[in-house]
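Residue numbers start at 1 and run along the sequence shown. We count ligands from 1, going down the list as the structure has it; atoms in each ligand are counted the same way.
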Amino acid sequence: MESRKQLRLGSINSLQRSVRHVKRYNVLVVGESRLGKTTIIQQLLQTQRISKARSSPADNKVGPFACRKESIIETMLLKHKRSKLVLSLIETPGFGPSSMGTDCWQPVMDEIKGRISKYMSEENSINRRIVVDHRIHCCIYFLSPFASGLRPVDIEFMKTTCKLVNIIPVIAKVDTMTTQECKKLKVKIIEDCEKNDISIFNPELFDLQSVIAPPYSVIGGDAVVYSEAGQKIGRQYPWGFAEVNNEEHCDYITLHDILLKTCIEDFIEYTDNVLYENYRMNHLKSLDLNSSIDLIDSSAMIDGVGEKERLLREKQYELEKLKRHIEQINRRMSDKDSLMEVSSSDRDSILSSTSSNKSLEKENTSPPDVIPESVL
Ligand code: GDP
């Protein structure tokens with residue numbers, strides 16, 4: 001009986017370990033309906049086919065600018081640098097131009113923020129060993145080839161989102177444009193991004209000097225041509241074949257390589273170390289602000305339950321701050337070159353932080369109904 005129990009516990013532990021060790025890489029595809037998002041997703045999956053599962057059907061499309069209610073999620077196991085990761089390509093319901101209302105992108109924003117909040121609360125929970133990373137690591141934003149730059153809806157969406165995720169803008173259906181038109185649109189999009197403080201994916205940030213910067217022009221293929229040289233995917237016209245994988249026709253190869261080869265780790269790390277940290281910091285600051293307001297308003301807490309919660313939140317915040325401080329110092333200490341630079345004040349602060357951290361951790365892990373008297 002005992003050994004069976006141990007066996008079961010063992011298998012649960014190994015399952016938890018395997019869930020923890022498979023990295024997640026989540027890519028969101030956003031933009032107006034009918035710009036070719038589904039076509040590009042299928043194209044990306046075909047070139048990477050290992051295993052895939054569709055989670056919900058792409059059914060209820062009603063026509064141009066119609067919004068689907070659900071997102072479509074395609075998942076596949078990706079072999080990357082001898083390790084495995086689960087890639088999720090998430091296509092959100094398409095949103096329309098400004099005539100649909102300036103907040104038509106709000107559901108997408110809620111999805112992005114919801115995923116970050118979920119991650120944050122799981123990370124702060126008592127059992128943080130099985131935190132699954134559902135945060136969006138990269139967002140491909142589809143732009144219309146018929147616009148003359150960024151439209152108000154694009155600006156609003158990208159301006160808010162670029163603080164939360166890596167954004168790669170792409171110009172859809174570039175086979176409908178001349179070379180000159182495409183060049184002009186690219187320049188205008190870059191200008192509009194700069195003017196509106198929108199930071200988009202920058203290859204130089206990830207030391208990819210030879211990679212061209214976005215926006216990337218793409219073609220979604222619907223035809224395959226077989227020849228002696230191999231097969232070509234693209235779109236057949238009376239005047240010729242617009243080829244997906246031809247660098248003279250579009251930038252699909254660059255997009256594909258950035259997304260599924262060269263930048264996977266960069267996107268994941270940048271999301272974790274920069275974007276998520278900023279979000280978390282702002283969130284904790286807002287908690288701090290709220291707790292100050294709570295303090296002023298404390299007379300209004302009649303039954304004392306609100307007071308307990310507030311103190312618990314304050315302790316959690318202090319704990320978070322201390323943990324971050326210790327992490328920073330540890331990082332610096334592990335760096336051989338800067339080992340000598342660790343000041344004696346830092347050492348003192350490690351010692352004092354560790355002791356207060358331990359006591360705080362003890363307090364924090366207690367369930368709310370057994371909060372130690374010291375906290376109350
Ligand atoms: P979504 O609504 O954004 O997911 O768009 P779809 O992928 O469903 O494509 C909408 C229509 O545009 C379909 O008829 C596609 O065949 C077509 N389409 C997709 N990509 C391209 C492209 O690069 N060029 C052109 N001309 N048409 C495309």
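The N/O atoms of I219, backbone and side chain alike, include none that comes under 3.5 Å of an N/O atom in ligand 1. Between G36 and ligand 1, at least one pair of N/O atoms sits closer than 3.5 Å. In terms of polar-atom proximity, K37 is counted as a contact of ligand 1, with an N or O under 3.5 Å from an N or O of the ligand. Between R34 and ligand 1, at least one N/O pair is under 3.5 Å apart.
E243 contributes atom CD, which lies 5.0 Å from atom NZ of K232 (distance to the nearest 0.5 angstrom).
Numbered from 1 in the order shown, with element, the atoms of ligand 1 that lie under 4.0 Å from a heavy atom of T39 read 6 (P), 7 (O), 9 (O), 19 (C). Counting the atoms of ligand 1 from 1 in the order shown, those under 4.0 Å from a heavy atom of S33 are 2 (O).
Ion pairing of E277 with R280 is present here, as a side-chain N (NZ or NE/NH1/NH2) and a carboxylate O approach within less than 4.0 Å.
At a 4.0 Å cut-off, at least one heavy atom of Y237 sits close enough to ligand 1 to count as contact. The shortest separation from a heavy atom of E91 to ligand 1 is under 4.0 Å, placing the residue in contact.
T271 places none of its side-chain heavy atoms less than 4.5 Å from the side chain of Y25. Contact of the D266 side chain with the F201 side chain is not registered, since no non-hydrogen atoms from C-beta on lie closer than 4.5 Å. At least one side-chain heavy atom of L260 sits less than 4.5 Å from a side-chain heavy atom of L44.
Pairs engaging residues 202-218 under the side chain to side chain donor-acceptor pair (under 3.5 Å) rule: S217-D251 [sequence neighbours left out].
With a heavy-atom cut-off of 4.0 Å, T38 touches ligand 1 through backbone and side chain alike.
Checking each of V244, I233, N246, I40 against I219 for a side-chain contact (heavy atoms from CB on, under 4.5 Å) leaves exactly one that passes, namely V244.
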